[in-house]
Amino acid sequence: MEGSAHTSAPSAAVLAAYSYCEAVTGSQARNFAYGIRLLPSDKRQAMSALYAFSRRVDDIGDGALAPGAKLARLEETRALLGRVRAEEIDEDDTDPVAVALAHAARRFPIPLGGLDELIDGVLMDVRGETYETWDDLKAYCRCVAGAIGRLSLGVFGTVHTGGLGAPDATRAAEYADTLGLALQLTNILRDVREDAANGRTYLPAEDLAKFGCSDGFASERLPAGADFAGLVHHEVRRARALFVEGYRLLPMLDRRSGACVAAMAGIYRRLLDRIEREPEAVLRGRVSLPPHEKAYVAVRGLSGLDARTISRQSTRRRG
């Protein structure tokens, strides 16, 4: 299996760094945490290190600093990533996220360039970029979410089952990227009101115009003639198509990695269902799933049901 650990047991300093990253993940990323708790400890630690570094980048972009200061902080973070890549981080370094990420990158074939892409995406946020078309938005989503999918795949690895009808693992990175896009588009739909309050609009301008929503979402009240439900349903269909394509990744993963991905993606698919049923709810506040429903999705993922279903569907398509 590709992506398995290949270093000695972590030292006490490295374990402390991983514990810090796991604490950050558990407190800041409830949906993500539901998935990675299904992983063995080495992969869970590596995923927590990736999340903690990614969270640091996101927090710079979402914070209250002036744009110039944000740009400087992001470049400092990119320089830190360069030190990780050059293996210049010692185990007794004072930055636990750097220590954990450096160890994870030695343990697994993580494509660290994906974190550069994440920084590029957050720079787009800081500069206030908007998106005219879906292709424009897709480029942004590939930076901030598709890259995370590809980074995660470096930790998960792929399995080669062989035989007639076996999934083509050479496309795993493509599917991981696409699944990241599906999750990010779901996030964008969920957060339209919150993003508007922060002066950001992510949905493509041509879609907003088509459905009479070009004035944005600064309040619950939309302009006369706006078809917000039509806009949401249009984007939901796009997200569903991305989920269908991205789910082809599942049969390429080992059981616990597949369970992790199925749990995270399953939570977002159910969130998408909820948004589709009541589009206007996202204008009133953040839509979320109750803990018991997230737990059900995690158990379903661990059962392998989603992976087996996707595998059968893929085999029928090739047959």
Side-chain angles (χ1 to χ4, degrees), residues 24-34 51 54-67 70 73-74 118-119 121-132 134 136-138 140-146 148 180-205 207-209 211-223 226-236 238-239 242 264-265 267-291 293-294:
V24 170
T25 303
S27 64
Q28 302 294 326
R30 303 292 171 80
N31 291 344
F32 188 78
Y34 265 92
Y51 176 81
S54 301
R55 182 74 191 201
R56 178 178 295 181
V57 175
D58 286 340
D59 284 348
I60 293 169
D62 293 337
L65 294 173
K70 288 183 178 182
R73 288 282 304 280
L74 288 169
L118 173 62
I119 293 170
V122 174
L123 284 169
M124 295 165 76
D125 283 336
V126 174
R127 294 174 183 135
E129 294 194 24
T130 55
Y131 309 97
E132 180 64 31
W134 164 239
D136 296 335
L137 178 60
K138 188 160 57 173
Y140 167 79
C141 291
R142 287 199 189 286
C143 285
V144 299
I148 302 301
L181 264 63
L183 270 59
Q184 185 64 22
L185 184 53
T186 303
N187 265 339
I188 288 170
L189 288 172
R190 179 193 65 186
D191 296 341
V192 288
R193 181 77 187 281
E194 182 180 326
D195 289 332
N198 292 323
R200 294 177 184 169
T201 301
Y202 290 103
L203 291 175
D207 293 354
L208 297 176
F211 293 96
C213 296
S214 295
D215 288 344
F217 314 104
S219 72
E220 290 183 38
R221 187 167 300 174
L222 294 164
D227 182 9
F228 182 70
L231 171 66
V232 169
H233 291 150
H234 175 75
E235 305 299 347
V236 165
R238 177 173 279 154
L242 292 168
M264 288 190 284
I267 287 170
Y268 277 86
R269 284 188 74 172
R270 283 173 173 259
L271 192 60
L272 197 65
D273 291 342
R274 187 160 293 192
I275 292 170
E276 183 180 37
R277 286 196 301 269
E278 192 180 359
E280 290 79 8
V282 299
L283 297 177
R284 296 193 294 269
R286 173 169 286 208
V287 177
S288 62
L289 300 183
E293 194 167 346
K294 292 180 183 180

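- Atom CZ of Arg56 and atom CD1 of Ile119 lie 10.5 Å apart (nearest 0.5 Å).
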Give the intermediate values and the outcome of side chain to side chain contact (heavy atoms under 4.5 Å, CB included) for residues Val232 and Val192.
-> CA-CA 10 Å; Val232 169; Val192 288; over 6 Å; no

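- With rounding to the nearest 0.5 angstrom, the CZ atom of Arg286 is 7.5 Å from the CG atom of Asn187.
- Counting heavy atoms from C-beta outward, His233 and Phe211 have side chains that stay 4.5 Å or more apart.
- Distance check, rounded to the nearest 0.5 Å: CZ of Arg193 to CG of Asp191 gives 12.5 Å.
- A salt bridge between Asp62 and Arg200 is present, with a side-chain N of the basic residue lying under 4.0 Å from a carboxylate O of the acidic one.
- Here the closest heavy-atom approach between residue Gly61 and residue Val126 is recorded as CA-CG2, 4.3 Å.
- For the 3.5 Å distance criterion, the side chains of Tyr202 and Asp125 qualify, holding a donor opposite an acceptor.
- When side chains are defined from C-beta on, Leu208 counts as touching Thr201, because their heavy atoms get closer than 4.5 Å.
- The environment of CZ in Arg221 is sparse: at most 12 heavy-atom neighbours from other residues, nucleotides or ligands sit within 6.0 Å.
- Contact check for Val282 versus Leu189: no side-chain heavy atoms found under the 4.5 Å cut-off.
- Remark: Ser27 OG to Arg55 CZ distance equals 8.0 Å, nearest 0.5 Å.
- The shortest non-hydrogen separation linking Ala196 to Phe217 is CB-O, 3.5 Å.
- Within 6.0 Å of CZ in Arg73 there are 12 or fewer heavy atoms belonging to other residues, nucleotides or ligands.
- Summarising the geometry of Val144 relative to Val122, their closest heavy-atom pair is CG1-N, 4.3 Å, with the distance given to 0.1 Å.
- Across every non-hydrogen atom of Leu203 and Leu137, the tightest pair is CA-CD2, 4.4 Å.
- Across every non-hydrogen atom of Tyr140 and Gly121, the tightest pair is CE1-O, 3.4 Å.
- At least one side-chain heavy atom of Pro204 sits less than 4.5 Å from a side-chain heavy atom of Glu235.
- Once rounded to the nearest 0.5 Å, the distance linking CE of Met264 with CG of Leu183 reads 8.0 Å.
- Across all their heavy atoms, Gly216 and Leu222 have their closest contact at O-CD2, 4.1 Å.
- Note: Trp134 CH2 to Leu185 CG = 5.0 Å, rounded to the nearest 0.5 Å.
- Screening Ile267, Val287, Val236 for a side-chain contact (heavy atoms from CB on, under 4.5 Å) involving Leu272 leaves a single residue, Val236.
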